[in-house]
A.B. asks: 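Please read through the structure below; I'll follow up with questions.
Numbers here are sequence positions counted from 1.
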Amino acid sequence: MPLEVEVMVVGAGPAGLSMALELGLHGRRCLVIEGQARTGLAPRAKTTNVRTRELMRRWGMADRLAQLAPFGVDYPSDVVFASSMVGPELARFHNAMYCSPRRDDRFSEHAQWIPQYKVEQALRERALAFPGVSLSEPTRLVSFSQDGEGVLAQLQDGEGGRSWQVRARYLVGADGARSTVRELLGIRMDGTSPLGQHRNYIFHAPGLAGRTPLGPGVMYWLVNDRFPAVVAPLDAGDLWTFGCPRGAVSGDPADMIRSAMGLDIELEILTEDDWTAHELIARQYRQGRVFLVGDACHLHPPFGGHGMNMGIGDSVDLGWKLHATLAGWGGPRLLDSYEIERRQVHRRVVDESVSNHRHLSSSFYAPGLAAPGPQGDALRASTRERILASKRPEFDSLGIVIGYHYERSPVLLREVADEPERQPAAPYQPSARPGCRSPHAWLSAGRGEGASLFDHYDPSGMTLLATGARVTDEMRRLAADAAAAGIPLRCIAPEAAGLAELFGADYALIRPDHHVAWRGDDLDRAALALRVACGQAVQSPQSATQPA
């Protein structure tokens, strides 16, 4: 007899582990399989952004990730542009990606510079702490079939190991760029590939941090004619990365890195990795009971640090919707909304990442850039302006990270008073328009003073927020009616300065993923909005407004 689970996840990278974690949070039974051991120093992503850290706070693991930070959360997240590691400095972005731990009204958690293998460690620890989550590795997916009730997967352990079967209600492909799940579904990806060919080295260089006059930072963009590159600290123990276009590679790698940095320093190459930049999005993210998340359905250049974070966001969006469907309160439109919502985010981030990829270190070089004297000073000044103008979207991207929104979705309800469609960009502007991530606030009085508003949202159900700091009897009746219909609805009225102005309405309906499903002043409309948000209803054609 096959093993029975509710959801099977293929791939134990950040997206797959996040899917398991999200399902485990809600008490669902989930099996994750991984075809190969995820070990080694490959850096992959190094920025866990503000939004992902907010989700980790929701999962109860933000503090654990902070503990794993190799340089501490106070380490300056400066991005420095210079001719070499000994200067001259050309431009600097302070607090790039918002890694400073200083409290900010706009979000509940700062970003963090940490190698992806440590992020995976924290995700794995947290996911496997839930009794319903299990992991099998090395185990590969051989094939699967599906019917109206579930998916039957054929698995194999290791190379030529035992074959076995799993029966799941749903299957999620989180198995990366070369997704087996996507291949078995026959889903093609549209876009451009390759955009560029790159090489990355990880090297050990004792004392390197103390040899540069540029000071501490998370990235050093080296702008020169021979070896334009990006150097970055990776981990404790003097581990660093060096990335460059593959066409710039020449001679002995260690000599090349020394030359690019301008330092005659002892170093040891530990790993070498070639990678390709793509601009690809899958034609569809779902077939029946099988879904794609993360790199399995979107691929883009890593410039901007969005890839891992976007995959984690996919898993949260789909994860709570799978939970709601399995629990019986998610209607037939809820799972359909996953692709509709996330494709909008993917398209915008892919476009932004491709734009960032056009501005590599080599694009800022000009002869005489490192020359002393007035002419060199003038050239460096003009180069600085070019760098700040073209790279700011990459390092000051809060408008994309938390300003993204779902403009079209079958599970949102908007009122006439909601502002028209907007195209968010930097700088980030909070909005409670349905489809947006909820505006954030710190509580100002009473129980939980100093806590985040997000801490009061129900991670496993809907939340009805009253901005007037009082839960009314009418709200309680709505919650009781929802409970009778099997829909979890938490009613809250926290004390935080300016909530009514921040949300622009007396009430707001918040989804488990912090997104606003509806806002308004009429609780009769809230009852309809709740059913729409759960995928159980569409708005009547006779109504004045339509779901987004």
Side-chain angles (χ1 to χ4, degrees), residues 12-14 34-48 65 67-72 75 77-80 82 84-86 112-124 137-138 176-178 196-212 214-222 224 226-277 295 301-303 305 307-308 360-361:
E34 172 57 51
Q36 55 188 1
R38 297 184 65 88
T39 58
L41 294 173
R44 302 183 182 95
K46 293 182 284 294
T47 303
T48 303
L65 198 73
Q67 291 173 358
L68 294 174
F71 312 115
Y75 182 80
S77 62
D78 286 8
V79 174
V80 184
S84 71
M85 291 293 282
V86 293
Q112 186 173 330
W113 183 262
I114 182 172
Q116 181 176 318
Y117 54 82
K118 291 198 171 186
V119 176
E120 291 186 19
Q121 174 188 341
L123 289 171
R124 182 178 293 225
E137 60 179 354
R178 299 180 179 88
Q197 305 285 350
H198 299 261
R199 180 167 293 176
N200 193 79
Y201 298 93
I202 296 176
F203 64 98
H204 177 234
L208 173 56
R211 294 284 299 275
T212 174
L214 301 173
V218 293
M219 281 190 278
Y220 301 88
W221 287 60
L222 307 184
N224 57 62
R226 292 195 62 201
F227 302 118
V230 178
V231 175
L234 176 64
D235 206 341
D238 296 304
L239 292 182
W240 293 74
T241 68
F242 179 96
C244 62
R246 200 178 307 171
V249 174
S250 176
D252 178 72
D255 289 341
M256 177 184 66
I257 294 172
R258 291 188 191 97
S259 179
M261 295 194 301
L263 286 170
D264 184 11
I265 189 171
E266 178 188 349
L267 63 88
E268 177 188 4
I269 304 291
L270 301 179
T271 68
E272 174 185 311
D273 178 48
D274 288 339
W275 60 273
T276 301
D295 287 354
F303 296 93
M308 177 192 74
L360 302 178
S361 296

A.B. asks: Would you mind reporting whether Pro14 and Leu123 have side-chain heavy atoms less than 4.5 Å apart?
C.D. replies: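 Side-chain contact under 4.5 Å: yes.
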A.B. asks: Relative to each other, are the rings of Trp275 and His198 parallel, tilted or perpendicular (30° and 60° limits)?
C.D. replies: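 Because their plane-to-plane angle is under 30°, the rings of Trp275 and His198 count as parallel.
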A.B. asks: Tell me whether Glu137 is salt-bridged to Arg124, with the criterion being a basic N under 4.0 Å from an acidic carboxylate O.
C.D. replies: yes
A.B. asks: Quick one, Arg199 with Asp273, criterion side chain to side chain contact (heavy atoms under 4.5 Å, CB included). Give me CA distance, side-chain angles, the key distance, then yes/no.
C.D. replies: CA-CA 6 Å; Arg199 180 167 293 176; Asp273 178 48; over 6 Å; no
A.B. asks: For Pro233 versus Tyr75, what's the shortest heavy-atom pair and its separation?
C.D. replies: CG-OH, 3.9 Å
A.B. asks: Ser250 and Phe227: which non-hydrogen atoms are nearest, and at how many Å?
C.D. replies: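 Looking at all heavy atoms of both residues, the shortest contact is CB-CE2, 3.8 Å.
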A.B. asks: When rounded to the nearest 0.5 angstrom, what is the spacing between CG in Asp235 and CZ in Phe71?
C.D. replies: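 If I round to the nearest 0.5 Å, the distance is 6.0 Å.
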A.B. asks: Is a side-chain donor or acceptor of Gln112 paired with a backbone partner of Leu65 at a separation under 3.5 angstrom?
C.D. replies: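 Flag set: sc Gln112 to bb Leu65 pair under 3.5 Å.
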A.B. asks: Has Thr241 got a side-chain atom pairing as donor or acceptor with Leu234's backbone, closer than 3.5 angstrom?
C.D. replies: no
A.B. asks: Please report the closest heavy-atom contact between Ala12 and Glu120, naming both atoms and the distance.
C.D. replies: O-OE1, 4.1 Å
A.B. asks: Which atoms form the tightest heavy-atom contact between Ala232 and Lys46, and what is the distance?
C.D. replies: CB-CE, 4.4 Å
A.B. asks: Is it true that a side-chain atom of Ser361 and a backbone atom of Ala229 form a donor plus acceptor pair closer than 3.5 Å?
C.D. replies: yes
A.B. asks: Identify all side-chain donor-acceptor contacts of residues 257-267 below 3.5 Å with residues at least two apart in sequence or on another chain.
C.D. replies:
{"from": "Arg258", "atom 1": "NE", "to": "Ile265", "atom 2": "O", "distance (Å)": "2.7"}
{"from": "Arg258", "atom 1": "NH1", "to": "Asp255", "atom 2": "OD1", "distance (Å)": "2.9"}
{"from": "Ser259", "atom 1": "OG", "to": "Arg226", "atom 2": "NH1", "distance (Å)": "3.3"}

A.B. asks: Does the pair Thr48 and Met308 meet the rule for a side chain to side chain contact (heavy atoms under 4.5 Å, CB included), with working shown?
C.D. replies: CA-CA 8 Å; Thr48 303; Met308 177 192 74; 3.6 Å; yes
A.B. asks: With side chains defined as the heavy atoms from C-beta onward, is the minimum distance between Thr212 and Val80 less than 4.5 Å?
C.D. replies: no
A.B. asks: Give me the atom names and distance for the closest heavy-atom approach of Leu68 to Ala122.
C.D. replies: CD1-CB, 3.8 Å
A.B. asks: Could you walk me through whether Trp113 and Thr47 pass the side chain to side chain contact (heavy atoms under 4.5 Å, CB included) check?
C.D. replies: CA-CA 5 Å; Trp113 183 262; Thr47 303; 3.5 Å; yes
A.B. asks: Do Asp274 and Gln197 pass the side chain to side chain contact (heavy atoms under 4.5 Å, CB included) test, and can you show the C-alpha distance, the side-chain angles, and the key distance before you say yes or no?
C.D. replies: CA-CA 7 Å; Asp274 288 339; Gln197 305 285 350; over 6 Å; no
